[in-house]
Amino acid sequence: MHTARVVHGSALALGALALSVPTASAEEAGLRISPERAAPGSTVTVSTTACGPDVTYGKGSTEAGGTFHLFEGANKGELAGTFEVPADARAGSDTITVKCPPRIKMTGTYAVTRHPSGAVAAGGGGTAQADTGRTALGGVLIAGAAAGGAMKLRRRMRAGGRS
């Protein structure tokens with residue numbers, strides 16, 4: 001009985017860890033994609049500091065939008081580039097790959113939407129953007145904890161109140 005609890009707890013922890021990895025990979029690599037959701041015809045900006053302070057050029061490509069170049073950005077050590085989401089791009093996830101010397105390669109994704117999303121730009125304040133990846137991960141973790149608690153309660157009731 002004790003072994004089963006350890007196995008279930010370990011499986012839940014590993015599952016939560018596995019779900020958190022894709023969310024963090026692009027950010028950990030220093031690849032920033034803005035906006036995270038773009039409609040066909042809109043411009044996407046890609047920037048990174050992962051290439052190092054002496055690198056002044058990089059090359060990017062997307063499955064939907066083709067290739068683009070990254071040049072020195074506003075800050076030292078930052079490369080930035082833009083591309084336009086094609087008018088015929090299909091809704092869904094699009095992968096961006098960025099390469100820079102000497103052998104650095106990063107990937108990230110953004111969502112192609114059929115309609116523009118986000119808040120209307122207004123003066124005087126910031127706009128809030130939901131981090132859907134982390135929100136979904138939180139929901140999965142809460143559901144897993146609730147299921148684990150329900151299993152433990154059910155076992156206690158079967159055992160007649162004994163742990």
Identify each donor-acceptor pair in which a side-chain atom of residues 78-99 lies under 3.5 Å from a protein atom, sequence neighbours left out, and give them as a table.
unit_1 : atom_1 : unit_2 : atom_2 : d
E78    : OE1    : A74    : N      : 3.3
E78    : OE2    : R32    : NH2    : 3.4
D94    : OD1    : E63    : N      : 3.2
D94    : OD1    : A64    : N      : 3.1
D94    : OD2    : Y110   : OH     : 2.7

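The structure places OG1 of T45 at 11.0 Å from CD1 of I33, a figure rounded to the nearest 0.5 Å.
Under the rule for a ring pair (Phe, Tyr, Trp, His ring centres under 6.0 Å), the partners of F71 that lie at least two apart in sequence or sit in another chain are Y57.
The stretch residues 51-103 participates, sequence neighbours left out, in these disulfide bond (SG atoms under 2.5 Å apart) pairs: C51-C100.
Across K59 and L70, no two heavy atoms sit closer than the pair C-CD1, 3.8 Å.
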